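Comments concern the structure below.
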Amino acid sequence: MPSRVKMRCLTSAKRFRRKIFPVLLVFCAASVLLHSQNYFSWTMEAFHLRCPTLHSLKPKHTNIVFLKTHKTASSTMQNILFRFAERNNLTLALPKPSCGYLFCYPQFFSSHFVHPDTLPPNMISSHMRFNKTALQRLMPNDTIYITILREPASMFESLFTYFTVYSEAFKRVPKGSLEAFIADPLRYYRPNEGNSMFAHNTLTFDLGGNKDRPATDVTYAQTFAAEVEKVFSLVMISEYFDESLVLLRHLLSWDLDDIVYLKLNVRTESSKKSLSPGLPGKIRAWNSIDAYLYDYFNASLWVKLSALGLDCVAKEVYLLRQAQERLTKRCFGKQIPLSRSASEIKNKDLRPWLPSNMVQIAGYDLPTNITNEVKEFCLKYIMPEVQYTQKLLQSQLVKRHQSSQI
Ligand SMILES: Nc1ncnc2c1ncn2[C@@H]1O[C@H](COP(=O)(O)OS(=O)(=O)O)[C@@H](OP(=O)(O)O)[C@H]1O
């Protein structure tokens with residue numbers, strides 16, 4: 001070979017090696033990440049593709065009030081917060097035993113309802129009737145307030161079925177007929193009797209508002225929505241749960257693994273009633289303040305999503321769902337989790353609380369052939385609210401006891 005040609009070959013070989021080296025490096029790094037035990041984090045790289053970069057140096061926000069509204073996917077959201085609090089060694093304000101697993105609802109929240117050994121808190125997320133002043137006194141100054149709403153017709157159908165035996169109004173209705181109730185609600189509803197909040201504008205009540213203001217008082221609904229907006233940095237929407245979580249992740253500078261979840265507190269198909277045409281409109285009219293709030297915050301959710309970029313949101317939702325599929329495979333060995341009605345679940349700690357035997361709530365059982373490490377990991381995702389609350393209270397009491405002995 002002539003020496004000039006030889007020289008050219010050697011130079012291009014060097015150039016090739018120089019080019020291939022970074023490619024190989026990237027490939028190796030990707031494959032190490034893919035096969036590492038860190039299940040979800042690798043997707044974070046892809047995350048930044050179409051999204052405004054998260055301020056990676058900004059610490060994750062940890063001081064949070066989540067107002068847990070009724071029948072809105074709030075148990076699923078609470079489970080996300082419970083796991084986050086545990087992983088990050090945070091203090092969660094929990095109800096004192098005499099309040100049950102909620103903060104003496106339906107009374108307005110008071111710091112007297114908090115178990116003293118769960119103070120001072122970083123987070124609070126159990127059912128309560130919202131009381132801004134009491135919470136602002138209890139929580140750190142930089143606390144971020146979040147809540148969740150659901151479309152009023154499907155929410156009311158869920159409330160009606162779930163609280164059939166708790167609400168006097170619902171109990172009065174012949175044959176437990178939702179149609180009969182909504183045809184003439186004032187025949188069955190008494191505003192001042194126990195548990196009346198499950199039968200009229202439940203979201204408004206949970207948010208601390210007046211559930212019984214007349215539907216004609218549109219100014220009340222408008223003023224109330226504006227007040228809620230001033231306090232809550234994010235109002236999630238149950239129908240767009242994953243999109244809401246993307247906003248939450250950006251608001252709090254959290255990672256993808258922080259928002260991965262499995263659905264909790266889902267009724268079995270046999271416990272759901274379909275709504276005949278015309279019924280949703282009547283339900284909205286009866287719950288007119290809730291309907292106003294829902295429309296208002298659904299619109300503001302989409303303004304926020306658009307500001308983040310719908311492309312970015314779609315990408316993150318896709319990655320979240322992929323992470324969920326991997327979680328499901330890891331915990332259940334297949335694509336679809338072992339969801340079953342509460343009575344069929346072998347492990348008592350995994351049976352969701354049932355308000356009566358007239359409604360069936362699905363929960364999860366774990367396969368028997370998984371390692372203890374996987375079991376420990378998966379249990380947290382599927383543990384129902386009551387059992388997880390007890391577990392967290394126990395572990396916070398132990399921690400408090402240990403630190404008082406040092
Ligand atoms: N991720 C997600 N997205 C949308 N919807 C979801 C999700 N997780 C739970 N759910 C539905 O939320 C309903 C239960 O709500 P809550 O957990 O707030 O109920 S409770 O008040 O705490 O009992 C319950 O609704 P119904 O099944 O119609 O009763 C659940 O199916």
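Basis for what follows: all heavy atoms, side chains included, without hydrogens, waters or symmetry-related copies. Every value quoted in this text rests on a predicted model; they were computed, and no experiment measured them. Every number for a ligand or one of its atoms is a count from 1 in the order of the listing.
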When the ring centroid of Tyr381 is compared with that of Tyr364, is the distance short of 6.0 Å?
no

Nearest protein heavy atom with distance in Å, relative to atom 6 (C) of ligand 1
Ala73 CB, 3.4 Å

Hey, looking at atom 22 (O) of ligand 1, which of Lys263, Glu239, Lys68, Arg267 has the closest heavy atom?
Lys68

Does either side chain, that of Lys399 or that of Asn89, offer a donor lying less than 3.5 Å from an acceptor on the other one?
yes

Below 4.0 angstrom from a heavy atom of Arg150, which ligand 1 atoms are there? Numbered from 1 as shown, please.
13 (C), 25 (O), 26 (P), 28 (O)

For atom 20 (S) of ligand 1, find the nearest protein heavy atom and state the residue, atom name and distance (0.1 Å precision).
Asn265 ND2, 3.4 Å

Basic-acidic side-chain contact under 4.0 Å: Asp290, Arg284
no

Shortest protein contact, atom 18 (O) of ligand 1 (heavy atom only):
Ser74 OG, 2.6 Å

Begin from the C-alpha positions of Arg267 and Glu157 and carry the test salt bridge (charged side-chain N to carboxylate O under 4.0 Å, His left out) through to its verdict.
CA-CA 11 Å; Arg267 274 177 305 157; Glu157 186 274 319; 2.7 Å; yes

Can His127 be said to touch ligand 1, with heavy atoms closer than 4.0 Å?
yes

Measure the distance from atom 17 (O) of ligand 1 to every protein heavy atom, then report the residue, atom name and distance (to 0.1 Å) of the closest one.
Ser75 OG, 2.5 Å

Using a strict cut-off of less than 4.0 Å between a Lys/Arg side-chain nitrogen and an Asp/Glu carboxylate oxygen, indicate whether Glu86 and Lys391 qualify as a salt bridge.
yes

Taking atom types as modelled, find out whether Gln390 and Tyr101 have a side-chain donor-acceptor pair closer than 3.5 angstrom.
no

Residue and atom name of the nearest protein heavy atom (relative to atom 21 (O) of ligand 1), distance in Å to one decimal
Lys71 N, 2.9 Å

Any carboxylate oxygen within less than 4.0 angstrom of a Lys/Arg side-chain nitrogen, looking at Lys230 and Glu227?
no

Once you restrict to heavy atoms under 4.0 Å, what part of Lys272 touches ligand 1? Side chain, backbone, both or neither.
side chain

What protein heavy atom lies closest to atom 1 (N) of ligand 1? Include the residue and the distance to one decimal.
Phe241 CD2, 3.3 Å

Is the closest heavy atom of Met155 to ligand 1 under 4.0 Å?
no

Would you mind telling me if ligand 1 is within reach of the side chain of Thr69, the backbone, both or neither, using heavy atoms under 4.0 Å?
backbone

Can you list the ligand 1 atoms lying under 4.0 Å from a non-hydrogen atom of Tyr261?
1 (N)

Measuring from the heavy atoms of Glu157, does anything fall under 4.0 Å of ligand 1?
no

Looking only at heavy atoms, is any part of Asp242 under 4.0 Å from ligand 1, and if so is it the side chain, the backbone, or both, or is it neither?
neither

Under a 4.5 Å cut-off applied to non-hydrogen side-chain atoms, are His200 and Asn287 in contact?
yes

Any nitrogen or oxygen of His70, main chain or side chain, under 3.5 Å from a nitrogen or oxygen of ligand 1?
no

Going by heavy-atom distance to atom 29 (O) of ligand 1, choose the closest among Pro352, Ala362, Ser126, Ser158.
Ser158

If you scan protein heavy atoms around atom 4 (C) of ligand 1, the nearest is Ser238 O, 3.6 Å

Glu168 and Arg190 ion-paired at < 4.0 Å
no

Arg249/Glu316 ion pair, N-O < 4.0 Å:
yes

Proximity of Thr76 to ligand 1 by residue part, where a heavy atom lies under 4.0 Å:
side chain

Heavy atom of Met77, distance to ligand 1 below 4.0 Å:
no

Hey, is Glu193 close enough to Arg172 for a salt bridge, meaning N to O under 4.0 Å?
yes

Give a yes or no on whether the backbone of Arg129 and the side-chain of Asp206 come within a donor-acceptor separation of less than 3.5 Å.
no

Are Asp255 and Lys60 close enough for a salt bridge, meaning some N to O gap below 4.0 Å?
yes

Nearest to atom 9 (C) of ligand 1, what protein heavy atom do you find, and at what distance?
Leu264 O, 3.2 Å

